[in-house]
Amino acid sequence: MKKLLYTSLFIAALISPRINAQYQPKNTSKEDLKKAQQWVEKIYKNLSQDEKLGQLFIVALYTNKGEDYINQVRNIVANDKIGGLILMQDDAAREINLVNEFQQKSKIPLMIGMDAEWGLFQRIATAHKFPWAMTLGAIQDKNLVYQMSAKIAEDCHRMGINWDFAPVVDVNTNPNNPIIGNRSFGSEVDNVISSALSYSNGLQDNNILAAIKHFPGHGDTSTDSHLDLPVVSHNMERLNSTELAPFKALMDKGIGGVMVAHLYVPSLESGKGIPASVSKNIITGLLKDKLGYKGLIITDALNMGAVANKYKPGELDAMAFKAGNDIMLFSQGVSEGKKLIQKAIDNKEISQSRVEESVKKILLTKYFLGLTQYTPKNPENINADLNNDSHKTLVQNLYSNALTLLKDEKKLLPLSGKQVYYVPLEEAPYQTFANRMGSNIMIKKASEINTIPAGSTVVVGFHKDNSTAYKPYKISSESKQVLADLTKNQNVILNVFGSAYALKDIDLSKVSTVLVSYENNDDSMNATADALNGKTKIWGRLPVLVNDQLKPGMGIDLNPASPMNTK
């Protein structure tokens with residue numbers, strides 16, 4: 001009787017409307033909650049122990065690794081009765097067909113996740129690319145961020161995805177961070193919080209689960225956790241004010257998931273070299289007990305070098321569960337992990353109630369995401385559906401709103417039909433920008449700058465390779481020299497098609513006008529050309545501390561040119 005009472009109280013507490021940290025669709029009635037509770041109880045009661053343990057695991061599904069690999073996943077889904085999949089590269093139609101197949105064979109519907117921080121393009125090359133978080137951090141109207149993630153949610157539904165492992169809420173205070181950088185909304189806590197909340201709400205208001213990551217904060221690291229274990233050595237005061245601050249602010253906003261990083265944080269974990277993702281002190285002690293988070297806690301991918309180089313598959317999963325995670329993501333050893341978790345239960349190292357807590361949380365979330373029954377998705381026209389004019393219009397508007405004017409001393413903008421010269425520098429394509437600027441622009445190579453008449457208006461474009469979020473942003477000494485030469489007798493507009501950090505060691509003292517576009521792709525180049533030509537307002541703000549002169553929040557508003565001034 002006591003056990004039954006405990007279980008009922010636990011479930012009631014878990015889905016009580018007073019607890020906001022567990023995801024629920026908006027306007028969930030008491031009757032809906034009661035139905036959810038009944039469904040969870042009924043399903044849980046009918047699961048074998050092996051099936052319960054299976055719910056704790058998510059494995060990766062690639063379509064670019066061949067049929068043998070897919071057959072391995074097929075066997076894991078069938079034999080280990082796992083809780084979900086994370087979709088990786090790269091064929092959307094094939095992924096839909098496989099998800100349909102696996103869902104129909106699973107007793108409990110699978111949770112389908114994807115890293116889609118900048119949309120499904122992060123994994124599906126034929127999808128449309130949305131801006132990186134750093135670009136979004138420059139946008140002042142955060143409702144636009146909401147619109148973006150709502151569109152990502154629509155794309156997720158089209159694919160049968162239920163969980164976008166986003167947004168990143170790491171505060172990027174380290175310009176040399178090799179793995180966060182563009183994925184962070186910036187170096188200011190308040191901006192990270194407001195941007196992340198808009199992003200999360202855009203997903204969850206449209207019934208796609210969000211996950212704030214990477215707890216307890218990956219922003220000030222200089223090591224890539226995919227390769228090795230980064231160390232965050234700050235004291236508690238600094239961690240509370242910066243790294244932990246976004247997580248603490250967002251804990252009670254109904255966000256369904258928190259992803260735990262593979263980081264070593266000595267101030268939070270006394271055991272030497274123990275990653276946060278397997279630290280009971282950090283997950284149970286801090287995240288669950290002290291901060292009171294009630295949603296799903298999921299590890300970062302368990303194939304990452306920071307942990308995979310140190311622990312065996314299976315062993316790692318069991319450690320992660322013992323530490324307090326509900327879900328082991330990208331597991332490399334499901335069957336072994338299940339055996340070791342069961343062994344720990346038998347040895348009284350883990351209580352059965354811990355399994356019950358996690359599995360019921362997972363089931364409850366699946367219920368609220370509408371996974372009580374699965375409707376197969378149609379793979380036809382998927383690439384066109386993930387990349388059409390509705391994406392393009394929204395994305396160009398986002399880039400337009402992110403544009404940040406840091407200085408315009410000679411009031412060179414808007415150009416409004418003036419004859420200008422254009423010198424494209426660095427390694428990435430620039431033709432889209434030149435084409436959109438129109439016939440009033442004359443392209444000059446770096447070797448031809450001496451042919452530009454003195455006193456001309458010259459746009460210098462730093463076009464950085466943005467093919468991935470992790471490309472270096474540094475500007476070559478050759479480009480710096482060209483810029484310096486041009487400032488001697490020209491009116492220079494410097495346009496950075498790349499990270500604002502590119503300006504870290506650039507002498508801007510003689511540059512009249514500096515505009516940051518944040519990225520180099522067709523959408524950002526078109527949006528930038530329109531703004532330079534006076535067609536759209538410029539009002540973005542710098543999201544990061546670049547150097548002593550370029551600080552967060554900097555930016556000048558520039559209204560569009562009036563129609564009579566444009567040709």
Side-chain angles (χ1 to χ4, degrees), residues 40 43-63 65-88 95 97-114 160-163 165 257 277-278 296-304 307-308 311-323 325-347 349-350 352 354-366 369 371-372 374:
V40 169
I43 295 294
Y44 184 80
K45 199 169 66 180
N46 289 322
L47 292 178
S48 68
Q49 179 71 351
D50 187 56
E51 288 168 333
K52 287 170 187 171
L53 296 178
Q55 288 297 301
L56 309 172
F57 295 85
I58 288 179
V59 301
L61 175 64
Y62 291 84
T63 55
K65 289 193 172 184
E67 285 303 307
D68 286 351
Y69 172 86
I70 288 169
N71 280 328
Q72 283 175 19
V73 176
R74 191 174 269 123
N75 290 335
I76 292 169
V77 171
N79 300 331
D80 287 311
K81 301 168 183 64
I82 54 171
L85 296 166
I86 175 172
L87 301 187
M88 304 297 289
E95 285 186 348
N97 285 329
L98 287 165
V99 168
N100 286 341
E101 175 197 330
F102 297 159
Q103 289 286 28
Q104 281 156 351
K105 287 179 179 174
S106 294
K107 179 175 169 180
I108 308 298
L110 299 159
M111 185 106 78
I112 307 297
M114 181 184 270
I161 294 164
N162 324 107
W163 197 351
F165 298 125
S277 51
V278 293
L296 288 175
I297 300 170
I298 183 168
T299 68
D300 205 345
L302 295 180
N303 71 323
M304 290 165 63
V307 286
Y311 307 106
K312 292 176 188 163
E315 175 193 20
L316 179 57
D317 301 76
M319 288 169 68
F321 185 67
K322 277 184 199 176
N325 291 287
D326 299 303
I327 298 174
M328 278 60 75
L329 177 64
F330 220 117
S331 173
Q332 305 283 285
V334 177
S335 60
E336 186 59 26
K338 284 164 81 173
K339 280 178 202 156
L340 290 172
I341 291 170
Q342 187 56 50
K343 188 177 173 187
I345 294 167
D346 295 341
N347 293 339
E349 294 165 33
I350 302 174
Q352 182 62 27
R354 255 291 281 123
V355 175
E356 183 176 355
E357 177 193 342
S358 291
V359 174
K360 285 184 174 177
K361 262 202 265 185
I362 293 163
L363 292 175
L364 185 63
T365 305
K366 287 183 175 184
L369 291 171
L371 274 167
T372 51
Y374 180 72

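Values below: all heavy atoms of this structure, side chains included; hydrogens, waters and symmetry mates excluded. Along the sequence shown, residues are numbered consecutively beginning with 1. What you see is a predicted model; the values in this text were computed from it and never measured.
For the pair K65 and Y62, the cation-pi criterion (under 6.0 Å, within 45° of the ring axis) is fulfilled.
Formation of a donor-acceptor pair under 3.5 Å by the K322 side chain with backbone atoms of V278 is not found in this model. Judged by distance alone, the side chain of N75 and the main-chain N or O of N71 form a donor-acceptor pair under 3.5 Å. Checked by atom type and distance alone, the side chain of D326 pairs as donor or acceptor with a backbone atom of I297 at under 3.5 Å. Between the side chain of N162 and the backbone N or O of M111, no donor-acceptor pair lies under 3.5 Å.
Between R74 and E101, at least one side-chain nitrogen of the basic residue sits less than 4.0 Å from a carboxylate oxygen of the acidic one, meeting the salt-bridge criterion.
The two residues N79 and D50 make their nearest non-hydrogen contact at O-OD2, 4.3 Å. Residues F330 and A60 share a closest heavy-atom pair of CZ-CB, 3.4 Å.
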Determine whether K81 and Q55 satisfy the following criterion, side-chain hydrogen bond (donor to acceptor under 3.5 Å, both in side chains), listing intermediate values before the conclusion. CA-CA 7 Å; K81 301 168 183 64; Q55 288 297 301; over 6 Å; no
Start with the C-alpha distance between L340 and D317, add both sets of side-chain angles, then the distance that settles side chain to side chain contact (heavy atoms under 4.5 Å, CB included), and finish with yes or no. CA-CA 8 Å; L340 290 172; D317 301 76; over 6 Å; no
Working note: L302 + L329, criterion side chain to side chain contact (heavy atoms under 4.5 Å, CB included); need CA distance, chi angles, decisive distance, verdict. CA-CA 6 Å; L302 295 180; L329 177 64; 5.7 Å; no
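When each of K107, K338, K45 is checked for a salt bridge (charged side-chain N to carboxylate O under 4.0 Å, His left out) with E51, only K107 meets the rule. Tested against I82 for a side chain to side chain contact (heavy atoms under 4.5 Å, CB included), the candidates I58, L110, L56 yield a single pass: L110.
Under the 4.5 Å side-chain criterion, counting only non-hydrogen atoms from C-beta, M328 is in contact with F321. Side-chain contact check for V307 versus S277: some heavy-atom pair is nearer than 4.5 Å. Counting heavy atoms from C-beta outward, F57 and I76 have side chains that stay 4.5 Å or more apart. For the pair D80 and S335, the minimum side-chain heavy-atom distance is below 4.5 Å.
Residue D346 places its CG atom among more than 12 non-hydrogen atoms of other residues, nucleotides or ligands, all under 6.0 Å distant.
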